[in-house]
Amino acid sequence: MKYALVTGGSRGIGRAVCVRLAQSGYQILVNYVRNAEEARKTLELVREAGQDGELLQFDVSDRMQTCRALEAWEKNHPDEYIEVLVNNAGIRRDNIMALMPEDDWTQVVDTTLKGFYNVTQPLLQAMMFHKFGRIVSLASVSGIKGMPGQTNYSAAKGGLIAATKALALEVARKNVTVNAVAPGFIKTDMVEGLDEAALKKTIPANRFGTPEEVAELVAFLVSPHAGYITGDVISINGGLYT
Ligand code: NAP
């Protein structure tokens with residue numbers, strides 16, 4: 001059995017990644033924080049794709065919850081390890097910096113950056129011991145170029161990119177790769193409320209991307225074919241930022 005953990009697997013890009021990695025033969029651990037019903041739907045789709053999996057409810061920004069959930073999984077699977085981690089859970093709380101409440105700064109940064117630490121750190125040893133691991137994190141075009149109204153989100157995603165590059169150097173010798181993907185606008189709940197008609201005029205491809213397109217890129221990065229790609233950030237944005 002090969003296991004992949006996808007944080008924020010209940011909806012959007014995370015769900016598409018769960019289904020795509022199931023198609024690649026992985027048993028899928030679907031993490032979510034609130035939306036049990038949507039997480040169950042993802043698990044159904046994983047099963048329709050011919051694999052099994054389980055739900056792992058925890059808040060990635062909470063170290064205790066995360067460690068408890070991962071330790072419980074390890075206890076139930078003493079001879080197995082999670083060889084693929086997709087750090088996908090993320091939130092946005094947009095506001096101009098002059099008006100941004102502290103909580104909106106903290107929640108966004110904690111979900112992405114503490115989340116990266118909380119989930120990645122406990123899984124690394126097993127990946128290195130088995131001399132195979134794949135870590136892919138969902139960054140954003142905002143983390144590369146910065147976006148007005150998203151100082152918190154840009155800081156979190158920029159930090160995630162830097163962490164990806166640093167960790168990749170630590171673990172490359174152990175055949176563990178660490179990469180990030182940086183989507184532009186992808187059609188999910190996260191972009192609901194944005195003016196798609198106006199925004200797509202700013203995108204050379206003249207459309208938002210789909211979660212399935214991002215999932216395809218993630219599936220390539222976790223595959224054995226991508227073993228020589230590490231510490232990199234791959235943009236997927238219809239030409240929005242090149
Ligand atoms: P989404 O549709 O809003 O889904 C977010 C997912 O993250 C949900 O499954 C949610 O779980 C989970 N989540 C949120 N906070 C969590 C926490 N503290 N612990 C565990 N899970 C948590 O988002 P999306 O558009 O698919 O985005 C996925 C990733 O891609 C994010 O990191 C986002 O920043 C990044 N991204 C998205 C876009 C875009 O245009 N959509 C662009 C660039 C980057 P519940 O269902 O339980 O709430």
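Both counts, for ligands and for their atoms, begin at 1 and track the order of listing.
At a heavy-atom cutoff of 4.0 Å, ligand 1 is contacted by the side chain of Y153 but not by its backbone. Neither the backbone nor the side chain of V141 comes within contact range of ligand 1; no heavy atom lies under 4.0 Å. The part of V191 lying near ligand 1 is the side chain, judged by heavy-atom distances below 4.0 Å. Only the side chain of N31 comes within contact range of ligand 1, with a heavy atom under 4.0 Å; no backbone atom does. Heavy atoms of K157 found under 4.0 angstrom from ligand 1 belong exclusively to the side chain.
For atom 25 (O) of ligand 1, the closest non-hydrogen atom on the protein side is T188 OG1, 2.4 Å. Summary of contacts: the protein heavy atom closest to atom 19 (N) of ligand 1 is V60 N, 3.0 Å. Closest to atom 40 (O) of ligand 1, if we only count protein heavy atoms, is I186 N, 2.8 Å. The closest protein non-hydrogen atom to atom 26 (O) of ligand 1 is I13 N, 2.8 Å. With respect to atom 11 (O) of ligand 1, the closest heavy atom belonging to the protein is S10 OG, 3.3 Å. At the shortest separation from atom 47 (O) of ligand 1 among protein heavy atoms lies R34 N, 2.7 Å. With hydrogens left out, the protein atom closest to atom 5 (C) of ligand 1 is G90 O, 3.9 Å, a heavy atom. Residue, atom and distance of the protein heavy atom nearest to atom 12 (C) of ligand 1 are G8 CA, 3.5 Å.
For atom 38 (C) of ligand 1, the nearest non-hydrogen atom from the set S140, A139, G184, A182 comes from G184. Of the listed residues (D62, T66, N88), the one carrying the non-hydrogen atom nearest atom 32 (O) of ligand 1 is N88. Comparing V214, V33, N118, V17 by heavy-atom distance to atom 16 (C) of ligand 1, the nearest is V33. Heavy-atom proximity to atom 13 (N) of ligand 1, evaluated over P183, G143, A89, is greatest for A89.
Salt-bridge check for K75 with E80: failed, with every basic side-chain N at 4.0 Å or more from each acidic carboxylate O. Remark: R20 does not engage E212 in a salt bridge, criterion side-chain N to carboxylate O under 4.0 Å. One finds no salt bridge joining E44 and K41 here, because no Lys/Arg side-chain nitrogen approaches an Asp/Glu carboxylate oxygen to under 4.0 Å.
Every atom of ligand 1 is numbered from 1 in the order shown, and the set under 4.0 Å from a heavy atom of G12 is 2 (O), 26 (O). Those atoms of ligand 1 that come under 4.0 Å of a heavy atom in D189, given as number and element, are 2 (O). In summary, the atoms of ligand 1 found under 4.0 Å from a heavy atom of F185, numbered by their order in the structure, are 40 (O). For ligand 1, the atoms sitting less than 4.0 Å from at least one non-hydrogen atom of I91 are 14 (C), 15 (N), numbered in the order shown with element in parentheses. Residue-ligand proximity, F58 to ligand 1, at heavy-atom distances under 4.0 Å covers atoms 19 (N), 20 (C). Counting atoms of ligand 1 from 1 in the listed order, those under 4.0 Å from a heavy atom of D59 are 17 (C), 18 (N), 19 (N).
Hydrophobic clustering of Ile, Leu, Val, Met, Phe, Trp and Tyr side chains at less than 4.5 Å, counting indirect connections, unites I234 with V86.
Not close to ligand 1: T7, with no non-hydrogen atom less than 4.0 angstrom away. The closest approach between a heavy atom of R11 and any atom of ligand 1 is below 4.0 Å.
Aromatic ring pairs are classed by plane angle as parallel below 30°, tilted from 30° to 60° and perpendicular above 60°; the pair F185 and F208 is parallel.
To the nearest 0.5 Å, atom CG of residue D59 and atom OG1 of residue T66 are 6.5 Å apart.
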Exercise for the section: Starting from the C-alpha separation in whole Å, work towards a yes-or-no answer on side chain to side chain contact (heavy atoms under 4.5 Å, CB included) for R63 and Q121. Expected result: CA-CA 10 Å; R63 175 76 176 167; Q121 191 274 339; 2.9 Å; yes
Exercise for the section: Please step through side chain to side chain contact (heavy atoms under 4.5 Å, CB included) for the pair V218 and L221, ending with a clear verdict. Expected result: CA-CA 5 Å; V218 174; L221 287 173; 5.7 Å; no
Exercise for the section: Quick one: do I186 and V191 satisfy side chain to side chain contact (heavy atoms under 4.5 Å, CB included)? Show the steps, please. Expected result: CA-CA 7 Å; I186 308 297; V191 298; 5.9 Å; no
Practice task
Starting from the C-alpha separation in whole Å, work towards a yes-or-no answer on side-chain hydrogen bond (donor to acceptor under 3.5 Å, both in side chains) for Q150 and R93.
Solution key: CA-CA 8 Å; Q150 289 199 319; R93 298 276 184 276; over 6 Å; no
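Among the candidates F58, Y3, Y81, the single residue satisfying the ring pair (Phe, Tyr, Trp, His ring centres under 6.0 Å) test with W73 is Y3. Residue L5 is tested with I28, I82, L21, V30 for a side-chain contact (heavy atoms from CB on, under 4.5 Å); the sole match is I82.
Residue-environment remark: CD (E196) exceeds the threshold of 12 foreign heavy atoms within 6.0 Å. In this structure, K2 places its NZ atom where more than 12 heavy-atom neighbours from other residues, nucleotides or ligands lie under 6.0 Å away.
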